[in-house]
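This is a predicted model, so every value here is computed, not measured. Whatever order the structure lists ligands and atoms in, that order sets their numbers, starting from 1. Quick note: numbers below take in every heavy atom, side chains included, and nothing from hydrogens, waters or symmetry partners.
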Amino acid sequence: MDKRRPLVQFPHMNRFGHALRRLSITLCLVVAGVAAAHAEPEPRTVRIGVLAYRGAEEAESTWEATFAQLQKALPDHRLEMVTGSTAFLTAAVAGDRLDFLVTNPGHYLELAIDYSATALATEMDLEGTSSSESVAAAVVVRAGFGDVQQLTDLRGHRIAAVASEAFGFRAAWAEFLDRGVDPFKDTRLLFVGYPVEGIIEAVRSGRADAGIVRSCLLEKLIAEGAAKPDEFRVIARKPSGTLRCQVSTRLYPGWPFVKVARTPAPLAARMKQALLAMQPETGEIAWTEPEDYQRVQDLYRTLKVGPYGRFTRLGIIDFAWENRWWGIVAAMALLWWSIHVARVSHLLRRRTAELQRAHEKARLESERMEHTVRLSLMGEMASSLAHEINQPLAAILTYARGCERRMESGTDPDGVRDAVRRIAVQAERAGAIVRRMRDFVRKNPSRQVPVDPGEIVTDALALFEPTARGVNVEAEVPTDLPMVRADRLQIEEVMLNLLQNALEAVSGRPDGRIVVRVDTDAHAVAVSVTDNGPGIAPGAEEHLFEAFFTTKPEGLGLGLSLGRTIVEAHGGRLDVDTATPGETTFRFRLPQLEEETRV
Ligand code: ADP
């Protein structure tokens, strides 16, 4: 006989019936409360959670007798039953919405660790004889289902259970492991959720080959007529002690009646007293001193679940699930960050490419400008150079005619030889002038190499001097100058521009004089071009090095600005010096080869 059967049964209860019954329970509790009203005018509501593993209605009918007795014992309080799943009850405890609860041993273990829950009493088994061995699980198959006898026979089969965290499932899980079967890997698990009847339904319909249910559920269903006695059988049976049901697992202590951290101690004491004082009559649940739940702890430790599974795979999954919103936020932040980084690096690449293109364009532009300035310089010097080439050509002509005369007369062979030698010297002179001009105007890629600065100055002077026409050009170029790293052509161009500017400054002056000096100090070689012209035009000094600044009608205004750019690209400086009255000096400094970084 099932002692959990409610006092009053409603075999074919409909929705209205349930509402009616709930109303009657509430009325009972209210009447009891009103009876005690003289003791406590405002009864405190005591909320008691009940794990409804077979659904809310079943839980209510199972526990209504117990609740009525407790209400009688605590007339100054109004007891309220709150039914739900383990997850629901845990949330209610966490939210301080429960004073007590009745739940399975595994759930109690978790609440004890996480919320300091304490068992006040443990329910006795259905016979009222044991509280330490009153809960187990049964593995149920259809009666006619093959030769399945042992748990090992279920390898590869579909097994239905409430949930991976249900106590019954965990009890069975340990038994499977004992026989070398990992239900998660070796079988196909089907978690159907509450109520547990769903498991029986799954097995009955063939959706599952076996089902893991709480001990005595099958017997209860048979007694209620919800299952036929020969419809199912329990496999892998184990001794069930005083429990009058078939079980497939070890036996564990019964359900505890639990107080939580917030429950006032006097109320907990009175509740415990009421539970222990309860007289087990038909249909009522008997309570005894709280059992030792060590076996449940051992089970959870073996399976690494609940409090012991925090750092295992399941624990991590639970943790991930609990913190999923943070996870989603973090994932979105990460996604945003990745997109941002990708975008920034794309923009950076594009900008770098743009800069490179701009840089290359500027370089070409500057090369083109240099060339223009060189051509312009050459243009300015062209007539003088033509005149200069004319001289050796005229000399050659004269010597050639002299040769002819001497050869016709047949005398003076030494004179002929001397004239021919002079012709060769003059031809070389003309050739050198042409070569220098050609080298100067040729387009050459910029290339800085170690070079003697004296050679650059001498070459520039050789190109310039023929054009000086009556202007006194003095040059002091020491022979043992330190080397510099330079683009020969570019520095020659700077030099020629300074000389040309000086020449233009002194042109027309009978005492016109240009002095070129090359000096060295500890770090650099300084080349200066000084003239005794009229000096820098008033207000022009601060604009001298700006591009297109010129005071000359035919000027380009590029020589000094380009000169400064070139010298600075060599790590040096180009400046004007007007300190000495009557003299204008332009000076550029280039770092010595071993001192390059220090100028
Ligand atoms: P440009 O010679 O085509 O004008 P530059 O950049 O070489 O271009 O010179 C810019 C200006 O600097 C000149 O127009 C002139 O006013 C001034 N300048 C340059 N050198 C001298 C100098 N030796 N004496 C006086 N003024 C000078």
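- Between Glu504 and ligand 1, not a single N/O pair is under 3.5 Å apart.
- The only member of Asp575, Leu574, Val529 that meets side-chain contact (heavy atoms from CB on, under 4.5 Å) when paired with Phe588 is Leu574.
- The shortest non-hydrogen separation linking Glu546 to Ser561 is C-CB, 3.8 Å.
- Remark: ligand 1 atoms within the under-4.0 Å shell around heavy atoms of Leu556 are 3 (O).
- Short contacts between ligand 1 and Gly535, defined as distances under 4.0 Å to a heavy atom of the residue, involve ligand atoms 25 (C).
- With ligand atoms numbered from 1 in the order given, ligand 1 contributes 12 (O), 17 (C) to contacts under 4.0 Å with heavy atoms of Leu544.
- Counting protein heavy atoms only, atom 16 (O) of ligand 1 is closest to Thr551 OG1, 2.4 Å.
- Atom 6 (O) of ligand 1 has its closest protein heavy atom at Leu560 N, 2.9 Å.
- Of all the heavy atoms of Leu498, none lies under 4.0 Å from any atom of ligand 1, so neither backbone nor side chain is involved.
- Aromatic pair Phe191/Phe169: ring centres closer than 6.0 Å.
- Lys552 NZ, 2.7 Å is the protein heavy atom nearest to atom 2 (O) of ligand 1.
- The atoms of ligand 1 that sit less than 4.0 Å from any heavy atom of Ala505 are 24 (N).
- Contact annotation: the side chain of Phe586 never approaches that of Asn501 to less than 4.5 Å [non-hydrogen atoms, C-beta and beyond].
- Close approach of ligand 1 to Gly555 is summarised as follows: ligand atoms under 4.0 Å from at least one heavy atom of the residue are 3 (O).
- For a threshold of 3.5 Å applied to N or O pairs, the pair formed by Ser561 and ligand 1 contains no separation below that value.
- Within the 4.5 Å cutoff, side-chain heavy atoms of Leu299 are placed close to those of Phe167.
- Side-chain contact between Ile159 and Phe176 is present, with at least one heavy-atom pair separated by less than 4.5 Å.
- Not a single heavy atom of Ala537 lies less than 4.0 angstrom from ligand 1.
- For atom 8 (O) of ligand 1, the closest non-hydrogen atom of the protein is Gly557 CA, 3.3 Å.
- Listed by atom number, the atoms of ligand 1 under 4.0 Å from Thr550 heavy atoms are 1 (P), 4 (O), 14 (O).
- Salt bridge present: Arg363 and Glu360 bring a charged side-chain N and a carboxylate O closer than 4.0 Å.
- Judged by the 6.0 Å and 45° rule, Arg324 forms a cation-pi pair with Trp321.
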(message) Before you tell me yes or no, could you show the steps for Arg343 and His346 under side chain to side chain contact (heavy atoms under 4.5 Å, CB included), namely the whole-Å CA-CA distance, both residues' side-chain angles and the distance that decides it to 0.1 Å?
(response) CA-CA 5 Å; Arg343 201 173 143 261; His346 170 73; 5.6 Å; no

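- Ion pairing between a basic and an acidic side chain is recognised when a charged N comes within 4.0 Å of a carboxylate O; Glu583 and Arg517 show no such pairing.
- Residue-environment remark: CZ (Arg155) exceeds the threshold of 12 foreign heavy atoms within 6.0 Å.
- At least one heavy atom of Phe586 sits closer than 4.0 Å to an atom of ligand 1.
- Listed by chain and number, the residues in a side chain to side chain donor-acceptor pair (under 3.5 Å) with Thr45 are Arg78 (sequence neighbours excluded).
- In this structure, Gly533 has no heavy atom closer than 4.0 Å to ligand 1.
- Interface atoms of ligand 1 facing Ile536, defined by a heavy-atom separation under 4.0 Å, are 25 (C), 26 (N), 27 (C).
- Distance from atom 23 (N) of ligand 1 to its nearest protein heavy atom, with residue and atom name: Asp531 OD2, 2.9 Å.
- Of all protein heavy atoms, the one closest to atom 7 (O) of ligand 1 is Asn501 ND2, 2.9 Å.
- Note: Trp336 and His340 have parallel aromatic rings, judged against thresholds of 30 and 60 degrees for the angle between ring planes.
- Protein heavy atom nearest atom 10 (C) of ligand 1, with residue, atom name and distance: Phe549 O, 3.3 Å.
- Against a heavy-atom cut-off of under 4.0 Å, Asn497 is close to the following atoms of ligand 1: 7 (O).
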